[in-house]
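Please read the structure below before turning to the comments.
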Amino acid sequence: MSEERIREIKIEKIQKLRDQGVQPYPERWERTHTPEEAARLEAGLAAVRVCGRIVSRRDFGKLTFFDLQDVNGRIQCSLQRDGIGKESYTDFIKLVDVGDFVGIEGETYHTKIGQLTVRGASWQLLGKMLRPMPEKFHAISDREIRYRRRYLDLITDEKSRSRFRLRRDFIRALRHGLEQAGFDEVETPVLQTKPSGALATPFKTHHAALDMPVYLRIAPETYLKRCVVAGFDRVFEFARVFRNEGMDPSHLQDFTMLEYYASYWNYIDNMDFTEKLLRDVIEQCTGSLQVPHAAGEIDFSGPWPRLSLLELIEQKTGIAVESCPDVESLRSALEGADIHIDGASKMGRGALVDQLYKKTVRPSITQPTFITSHPVDLSPLARRNDEKPTISDRFQLVIHGWEVINAYSELVDPIDQRQRLEEQAQLNAEGDDEAMVMDEDYLLAMEHGMPPISGWGMGIDRIVALLCGAENLRDVVLFPLLKPEEGSAVEDAILEAGEEAPAIEGAGA
RNA sequence: GGGAGCAUAGCUCAGUCGGUAGAGCAACGCCCUUUUAAGGCGUCGGUCGUUGGUUCGAACCCAACUGCUCUCACCA
């Protein structure tokens with residue numbers, strides 16, 4: 001039977017309901033328990049009111065069992081013809097379908113095989129659905145449908161529901177942990193006149209009222225530091241950020257980053273806090289510090305190793321980066337070690353060290369590991385090490401080859417900062433697209449004075465994916481961006497808008 | 001951007017050698033008071049992603065296009 005025919009049948013059912021004076025879309029229902037709560041009740045409790053979507057039904061003629069579900073849980077209910085009357089029972093059988101929302105009032109009992117159930121004394125339709133439900137024992141497996149119509153994925157797949165519950169719980173626990181540690185939550189601009197705070201290509205758009213180009217933020221960093229100048233001595237933001245770059249299982253263009261900044265800390269304090277915060281939050285959300293993953297169990301129990309980037313590179317490749325003070329000598333060292341890096345001739349020394357690390361060291365790191373002591377020219381916003389001015393007081397947390405956290409003792413010296421931004425601007429002018437641009441407004445804020453700070457950015461999507469064993473970030477993002485389907489309403493609307501609405505153009509345009 | 005793979009009923013999937021399509025679930029009709037993938041009997045449901053080509057004949061072979069997935073390059 002076609003989907004269209006099924007839809008017509010359901011519309012006919014709605015008409016029959018209306019003919020009997022039943023409102024198929026009533027305005028409210030007062031529940032006493034969620035499905036999750038109800039499933040934990042004792043037997044023998046009367047006047048229990050539960051509601052949810054019917055996700056399965058087992059019909060025995062004069063007795064029917066069905067399950068009400070929401071994202072958090074499920075409760076079995078039953079209706080008996082002898083209990084609610086023939087007419088009401090027949091209406092339920094004939095006019096209510098799997099997929100509809102209903103409310104049930106009744107008492108709890110255990111079935112013959114011990115399943116806690118709400119025996120309905122009455123039922124009320126709370127919302128009729130017109131589309132057929134997906135098949136009930138395989139869940140949606142077509143990845144395209146799972147992403148485009150995530151609600152179907154969530155209705156049918158408990159594993160998907162549990163991933164998004166974990167994401168919710170993880171964010172909630174992080175927020176609570178930071179608040180307990182004296183951090184204030186703030187919100188900073190998404191539309192910025194200068195993209196800053198990271199090395200990345202931004203999305204560019206146009207501000208109509210001010211008639212000027214603006215960028216979607218690639219990081220909240222410089223605004224959060226302005227908050228520190230203002231006297232918020234510990235701040236954080238759950239920031240949606242946008243980077244107009246490649247898309248693959250570990251990179252999305254629109255993703256969520258938690259950043260925080262703590263005054264009077266250095267990066268060592270920050271590492272200590274990070275390890276404690278994450279261990280607490282992970283144990284709280286998953287119930288364990290050992291997390292299963294396709295690539296092997298991840299053990300968060302720690303202590304997490306703290307390893308120097310340059311030492312790791314030397315171990316892996318034999319190249320002593322520090323004995324290559326300029327980009328030319330580093331390039332020849334790479335040639336000597338027979339390591340090829342695409343585009344090496346266009347990179348500065350910092351970018352080249354970074355590539356060397358990403359090619360040789362990072363993929364081999366599986367367990368939670370702090371990588372420290374990055375070269376200072378990789379870290380234009382990080383503080384120089386007092387003993388070794390060529391390296392920065394910086395760390396990254398790497399798990400399963402993914403960079404999950406990037407952190408440093410922040411650069412708070414406005415003179416040094418100006419010099420480093422000038423170097424970045426020079427690289428940018430020479431064709432390094434990802435190098436930063438000069439940001440006088442940020443320098444102005446810095447010149448008003450900053451305390452010592454250490455801060456941090458964590459890819460929420462990445463850590464959540466790692467915690468729930470997802471190998472693609474899209475599996476932990478509710479509605480990942482996909483191209484519109486050909487002939488879809490969305491695409492038709494875009495085609496209709498045509499040249500009239502070039503709202504967004506690529507940064508490279 | 002390069003390469004590879006996938007697309008069949010609302011969903012999950014079969015489809016042999018090229019001979020105009022099949023199951024389960026869902027839906028519809030009937031039976032059934034303890035199931036939880038309930039069960040039994042019956043019925044409906046398809047422009048085989050789109051467009052061309054080859055062929056007497058295409059779900060199947062070829063090409064292009066669209067979408068998705070993986071991968072390389074780039075990036076967090």
Side-chain angles (χ1 to χ4, degrees), chain A residues 1-10 12-13 55-67 74-83 89 94 97-99 109-117 119 129-149 152-153 155-156 197-201 218-219 241-253 255-257 341-343 346-347 351 354-355 358-359 362 396-398 401-406 433-434 457-463 471-474 480 482-488 491:
Chain A
M1 193 171 288
S2 72
E3 183 165 11
E4 187 49 40
R5 180 67 195 123
I6 290 172
R7 190 165 173 275
E8 284 166 13
I9 290 168
K10 301 211 187 239
E12 285 163 20
K13 290 182 179 181
V55 290
S56 65
R57 180 153 94 170
R58 295 162 296 282
D59 181 2
F60 289 87
K62 297 186 184 65
L63 164 72
T64 295
F65 293 101
F66 51 94
D67 299 313
R74 183 186 279 213
I75 177 71
Q76 175 169 277
C77 301
S78 67
L79 287 171
Q80 284 168 259
R81 196 180 71 170
D82 296 347
Y89 186 78
K94 294 284 180 190
D97 297 311
V98 171
Y109 72 108
H110 285 116
T111 63
K112 285 182 180 169
I113 56 166
Q115 168 79 50
L116 186 96
T117 302
R119 180 191 287 121
M129 72 118 72
L130 301 182
R131 300 279 175 176
M133 280 277 282
E135 200 247 13
K136 65 186 173 190
F137 42 76
H138 288 102
I140 297 281
S141 68
D142 182 317
R143 294 182 76 98
E144 192 173 347
I145 300 179
R146 280 171 49 200
Y147 296 151
R148 284 193 201 281
R149 302 167 72 186
L152 294 181
D153 176 44
I155 290 166
T156 57
L199 308 177
T201 310
I218 55 175
V241 299
F242 307 88
R243 298 186 184 177
N244 204 351
E245 291 168 346
M247 186 181 224
D248 67 40
S250 65
H251 296 85
L252 296 177
Q253 278 58 67
F255 64 103
T256 305
M257 185 171 239
I341 288 175
D342 284 332
K346 281 192 291 182
M347 288 177 195
D354 192 42
Q355 281 304 306
K358 286 173 185 168
K359 291 280 181 256
R362 198 171 67 189
Q396 295 182 329
L397 178 65
V398 175
W402 286 3
E403 182 189 321
V404 172
I405 290 175
N406 185 27
D433 292 340
E434 262 110 37
M458 176 166 76
I460 292 290
D461 314 277
R462 282 189 177 174
I463 183 82
E471 293 184 88
N472 191 318
L473 296 186
R474 294 180 192 213
L482 297 179
K483 282 193 180 181
E485 290 170 289
E486 198 180 7
S488 72
E491 199 197 32

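In what follows, chains are A, B, ... by sequence order, proteins preceding strands, each numbered from 1.
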Problem - N/O (side chain, A:Thr111) to phosphate O (OP1/OP2, B:U36) under 4.0 Å - result: no
Practice task
For A:Arg243, report the nucleic acid contact type (base, sugar-phosphate, nothing); a contact means any heavy atom under 4.0 Å.
Solution key: base
Handout entry: Short side-chain donor-acceptor distance under 3.5 Å, A:Asn244 and A:Thr201
Key = no
Handout entry: Side-chain donor/acceptor contact of A:His251 with base of B:C75 under 3.5 Å
Key = yes
Problem - Residue pair A:Arg58 / A:Asp67, side-chain heavy-atom distance below 4.5 Å - result: yes
Practice task
Mark yes or no for whether A:Arg57, through its side chain, and A:Phe66, through its backbone, hold a donor-acceptor pair below 3.5 Å.
Solution key: no
Practice task
Scan A:Ile9 against the nucleic acid and name what it touches under 4.0 Å (heavy atoms): base, sugar-phosphate only, or nothing.
Solution key: sugar-phosphate
Exercise for the section: Check every strand shown and say whether A:Gly246 touches a base, only sugar-phosphate, or nothing at a heavy-atom separation below 4.0 Å. Expected result: base
Practice task
Measure the distance from CG on A:Asp142 to P on B:U12 and round it to the nearest whole Å.
Solution key: 6 Å
Handout entry: Side chain A:Gln76 and base B:U35 donor-acceptor under 3.5 Å
Key = yes
Exercise for the section: Name the closest nucleotide to the A:Asp354 side chain, picking from B:A76, B:C68, B:U34. Expected result: B:A76
Problem - Pairing partner (Watson-Crick or G-U wobble, both distances under 3.5 angstrom) of B:U36 - result: none
Exercise for the section: For B:C75, take OP1 and OP2 only and decide whether either is under 4.0 Å from a side-chain N or O of A:Gln253. Expected result: no
Practice task
Indicate, with a heavy-atom threshold strictly under 4.0 Å, whether A:Glu12 touches base, sugar-phosphate, or nothing.
Solution key: nothing
Problem - Selection from B:A76, B:A38, B:C44 that lies nearest to any side-chain heavy atom of A:Phe60 - result: B:A38
Problem - Euclidean distance for C1', B:A37 against B:G24 (whole angstrom) - result: 10 Å
Exercise for the section: Mind checking A:Leu482 for me? I need base, sugar-phosphate or nothing, with any heavy atom below 4.0 Å counting as a touch. Expected result: sugar-phosphate
Exercise for the section: Establish, with yes or no, whether the OP1 or OP2 oxygen of B:C70 is under 4.0 angstrom from a side-chain nitrogen or oxygen of A:Asn472. Expected result: yes
Practice task
Report which part of the nucleic acid A:Lys62 touches: base, sugar-phosphate, or nothing (heavy-atom distance under 4.0 Å, all strands).
Solution key: base
Practice task
Output yes when a side-chain donor or acceptor of A:Arg462 lies under 3.5 Å from a complementary backbone atom of A:Ser250, and no otherwise.
Solution key: yes
Practice task
Just call it for A:Glu403: base, sugar-phosphate, or nothing, with non-hydrogen atoms closer than 4.0 Å on any strand.
Solution key: sugar-phosphate
Practice task
Using only heavy-atom distances, decide whether a donor-acceptor pair under 3.5 angstrom links the side-chain of A:Ser56 to the base of B:U36.
Solution key: no
Exercise for the section: Check every atom of B:A37, B:G45, B:U35 against the side chain of A:Lys136 and return the nucleotide holding the closest atom. Expected result: B:A37
Problem - Minimum-distance nucleotide to A:Phe137 side chain [options: B:C25, B:A73, B:U35] - result: B:C25
Exercise for the section: Report the base-pairing partner of B:C41 (Watson-Crick or G-U wobble, both distances below 3.5 angstrom), or none. Expected result: B:G29
Completion exercise
Partner of B:U69 under the Watson-Crick or G-U wobble criteria, both distances under 3.5 Å, comes out as B:A4
Problem - Sugar-phosphate, base or nothing in reach of A:Lys10, heavy atoms under 4.0 Å - result: nothing
Exercise for the section: Determine the contact category for A:Ala139: base if any of its heavy atoms lies under 4.0 Å from a base atom, sugar-phosphate if only primed atoms, P, OP1 or OP2 are that close, otherwise nothing. Expected result: sugar-phosphate
Practice task
Look at all strands and tell whether A:Arg148 reaches a base, only sugar-phosphate, or nothing, counting heavy atoms closer than 4.0 Å.
Solution key: sugar-phosphate
Handout entry: Cationic N near anionic O, under 4.0 Å, A:Arg5 to A:Glu12
Key = yes
Exercise for the section: Using a heavy-atom cut-off of under 4.0 Å over every strand shown, decide if A:Arg362 touches base, sugar-phosphate, or nothing. Expected result: sugar-phosphate
Problem - Partner nucleotide, any strand, of B:C61 [Watson-Crick/G-U, under 3.5 Å] - result: B:G53
Practice task
Choose from B:A73, B:C68, B:A76 the nucleotide whose nearest atom is closest to any side-chain atom of A:Lys359.
Solution key: B:A73
Handout entry: Short side-chain N/O contact from A:Arg58 to OP1 or OP2 of B:A38, under 4.0 Å
Key = yes
Practice task
Could you tell me whether the phosphate oxygens of B:G10, OP1 or OP2, come under 4.0 Å of any side-chain nitrogen or oxygen in A:Ser2?
Solution key: no
Exercise for the section: Please check the phosphate of B:A38 (OP1 and OP2 only) for any side-chain N or O of A:Lys112 closer than 4.0 Å. Expected result: no
Exercise for the section: Check every strand shown and say whether A:Glu135 touches a base, only sugar-phosphate, or nothing at a heavy-atom separation below 4.0 Å. Expected result: base
Practice task
Describe the nucleic acid contact of A:Arg146 in one word from base, sugar-phosphate, nothing, applying a heavy-atom distance below 4.0 Å.
Solution key: nothing
Problem - Check: A:Glu245 side chain, A:Leu252 main-chain N or O, donor-acceptor pair, under 3.5 Å - result: no
Practice task
Could you tell me whether the phosphate oxygens of B:U69, OP1 or OP2, come under 4.0 Å of any side-chain nitrogen or oxygen in A:Arg474?
Solution key: yes
Exercise for the section: Kindly confirm whether the side-chain ring of A:Trp402 is stacked on the base of B:A76, judged by centres under 5.5 Å and planes under 30°. Expected result: no
Problem - Closest non-hydrogen atom pair between A:Val98 and A:Lys10, with its separation - result: O-NZ, 4.4 Å
Practice task
From the options B:U36, B:G67, B:C75, select the nucleotide whose nearest atom is closest to the side chain of A:Ile113.
Solution key: B:U36
Problem - Centroid under 5.5 Å and tilt under 30°, A:Phe65 to B:U35 - result: yes
Exercise for the section: Please tell me which of the listed nucleotides, B:G24, B:U36, B:A27, lies nearest to the side chain of A:Lys13? Expected result: B:A27
Handout entry: Syn-anti status, with the boundary at 90° from 0, for the nucleotide B:U34
Key = anti
Problem - Pair A:Arg119-A:Thr117, side-chain donor/acceptor within less than 3.5 Å - result: no
Practice task
Go through B:U35, B:U71, B:C11 for me and flag the one nearest to the A:Pro249 side chain.
Solution key: B:U71
Exercise for the section: With heavy atoms under 4.0 Å as the rule, sort A:Asp59 into base, sugar-phosphate or nothing. Expected result: base
